[in-house]
Amino acid sequence: MLPVTILDPKLFNHFSDLISPHWKNLDETIINWINANPRLTAEHRKKLCKGCFGSLIARFYPSASYPHLITACRVMLFFFINDDNYHLYEEEELRAVHQRFITVLSGEEITEEEQDELCVMLQDIRMELEIFNRSDTWLKRFVASMDLYLEGVRMEAPFRLATRVPALGAYFEIRGRSIGTDVCYDLIEFVENIEMTPEQLQHPTVQEFKQLATSIIFLDNDLISMEKETGDVLNAIIIMKHTNATSEEQAVQDVIELRNALLSRFENLLQIAVNAEFRRNEAVRKYMYGIRKMVLGNYCWQCLDTGRYTGEN
């Protein structure tokens, strides 16, 4: 694992390291779900149990109620099982699977013969969201965000299968979808009991803020997971090294500098937004502060909690 000091700690001085008091129960609950799933191999169970995904949710949504956190945990576990299960599938093979996922998340019941654990998870997520009385508008947006994530997974497939390095711009576009942050941003509204209007979500400041957060999150992942995921062409370090014909050490520094510049812009934009543009808008302020919690929460989880990205087997 790359040392924490590679990322400028000064840029995190304005952040509080927050985590829900439920983190341990959440980790244990997810491990129980994993071990109760008969379709997972022993090797896959071991990998998933090292993830500490409950701690990630506890860092993403530190003030959320326990029932809200449980639903968010189901979403996070879905992401990681899906990423592991379909890592090396063809794009068209994925399309058929993903279409079924979206119909289930949209409310279509699964059949008794259908034994796909991911469809069952999506059905449970849909039922729980309905119990919390989320509006039809919000539910449709949540489904659309999940569809965007799955589209990103399909966009990754040709590069992974051919071990072909994408251009940096294409990588940002693909990873901006496949990292799944739009789904997690929707869950900020869920746990905070707010609902953003289309006008608020489409505001240029909010759009830029979300894009910056997403980029920081996946660049942190690229930096911290580099040792474990050597050979994965979908990593900004590999792309920088390939594009600039430079050493891996220089590519690491290039990605760090890019990431830190994005984080500086992210923090400056937040201060301008909450103290000026949205000073009187509590919903937007909660939403943007929620995104900031996710950025730091992701970083702390990868450095302090999870064993998923270490060099250990």
Side-chain angles (χ1 to χ4, degrees), residues 18-39 48 51-82 98-150 180-198 200-201 282-284 286-287 289-291 293-294 297:
L18 303 174
I19 188 166
S20 167
H22 301 298
W23 67 270
K24 188 173 182 179
N25 285 339
L26 296 175
D27 277 337
E28 290 174 351
T29 296
I30 288 182
I31 288 173
N32 289 337
W33 290 344
I34 292 166
N35 288 330
N37 190 323
R39 301 193 68 192
L48 290 169
C52 298
F53 306 132
S55 292
L56 177 58
I57 289 299
R59 291 187 182 280
F60 272 11
Y61 314 111
S63 303
S65 73
Y66 188 71
H68 284 89
L69 290 169
I70 286 294
T71 301
C73 282
R74 292 193 197 281
V75 174
M76 192 58 64
L77 186 57
F78 169 84
F79 281 152
F80 283 100
I81 293 179
N82 180 64
H98 292 170
Q99 286 173 348
R100 183 55 181 150
F101 287 168
I102 291 303
T103 60
V104 171
L105 188 59
S106 297
E108 184 174 308
E109 292 187 8
I110 60 176
T111 64
E112 291 185 8
E113 294 78 19
E114 206 165 7
Q115 296 298 316
D116 187 287
E117 71 272 16
L118 291 173
C119 283
V120 173
M121 292 175 70
L122 290 171
Q123 181 174 254
D124 289 343
I125 290 165
R126 174 74 188 204
M127 290 171 59
E128 290 179 10
L129 292 174
E130 289 177 345
I131 289 170
F132 281 103
N133 294 318
R134 299 307 302 178
S135 72
D136 288 341
T137 299
W138 185 90
L139 286 168
K140 288 177 181 177
R141 176 152 51 83
F142 181 78
V143 172
S145 294
M146 185 66 77
D147 201 18
L148 191 69
Y149 152 71
L150 294 170
T181 48
D182 283 295
V183 175
C184 297
Y185 299 153
D186 290 341
L187 290 175
I188 294 170
E189 299 170 75
F190 169 64
V191 303
E192 293 286 354
N193 196 29
I194 58 175
E195 185 164 334
M196 298 280 283
T197 67
Q200 289 167 345
L201 288 168
E282 189 63 22
V284 177
K286 282 185 176 181
Y287 186 72
Y289 277 127
I291 292 173
K293 291 172 190 174
M294 283 182 54

Does atom [atom1] of [X] have more than 12 heavy-atom neighbours from other groups under 6.0 Å away?
X      : atom1 : value
Glu114 : CD    : yes
Asn35  : CG    : yes
Asn32  : CG    : yes

Minimum heavy-atom distance [X]-[Y], with the two atoms named:
X      : Y      : value
Ala64  : Val191 : CB-CB, 3.7 Å
Phe79  : Gly180 : CZ-O, 3.8 Å
Ala283 : Ile194 : O-CD1, 3.5 Å
Gly297 : Arg59  : O-CD, 3.4 Å
Cys184 : Phe60  : SG-CE2, 4.0 Å
Gly290 : Ile188 : C-CD1, 3.5 Å

Value rounded to 0.5 Å, distance of [atom1] in [X] from [atom2] in [Y]:
X      : Y      : atom1 : atom2 : result
Leu56  : Asp27  : CG    : CG    : 9.5 Å
Leu187 : Met294 : CG    : CE    : 8.5 Å
Phe53  : Arg74  : CZ    : CZ    : 15.5 Å
Ile34  : Thr29  : CD1   : OG1   : 11.0 Å
Leu118 : His98  : CG    : NE2   : 9.0 Å
Arg134 : Asp136 : CZ    : CG    : 11.5 Å

May I have the step-by-step check of side-chain contact (heavy atoms from CB on, under 4.5 Å) for Glu189 and Trp138, ending in yes or no? CA-CA 9 Å; Glu189 299 170 75; Trp138 185 90; 3.7 Å; yes
Would you kindly say whether Thr103 and Arg100 are connected by a side-chain donor-acceptor distance under 3.5 Å? yes
Strictly by modelled atom types, are Tyr66 and Asn25 linked by a side-chain donor-acceptor pair under 3.5 Å?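 Side-chain D/A pair, Tyr66 to Asn25: absent.
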Could you go through the side-chain contact (heavy atoms from CB on, under 4.5 Å) check for Thr137 and Glu195 one step at a time? CA-CA 9 Å; Thr137 299; Glu195 185 164 334; 3.9 Å; yes
Using the ring of each side chain (for Trp, its six-membered ring), is Phe132 parallel, tilted or perpendicular to His68, with breaks at 30° and 60°? tilted
Determine, stepwise, if the pair Trp33 / Met121 fulfils side-chain contact (heavy atoms from CB on, under 4.5 Å). CA-CA 10 Å; Trp33 290 344; Met121 292 175 70; 5.9 Å; no
If you define the side chain from C-beta out and look only at heavy atoms, does anything of Thr181 sit under 4.5 Å from Ile291?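 A side-chain contact under 4.5 Å is absent here.
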Min side-chain heavy-atom separation Ile30-Met76 under 4.5 Å: no
Step through it carefully: locate the ring centre of Phe142, locate the ring centre of Phe190, and say whether they are under 6.0 Å apart.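 They do not qualify: ring centres at least 6.0 Å apart.
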Test side-chain contact (heavy atoms from CB on, under 4.5 Å) applied to Leu129 and Thr71, Val143, Val75, Asp186, the passing residue: Thr71
Please check if the side chain of [X] supplies one atom and the backbone of [Y] the other of a donor-acceptor pair under 3.5 Å.
X      : Y      : answer
Gln200 : Val284 : no
Arg126 : Leu105 : yes
Gln123 : Ile110 : yes

Given Phe78 and Tyr149, is the side-chain contact (heavy atoms from CB on, under 4.5 Å) satisfied, shown in steps? CA-CA 12 Å; Phe78 169 84; Tyr149 152 71; 4.1 Å; yes
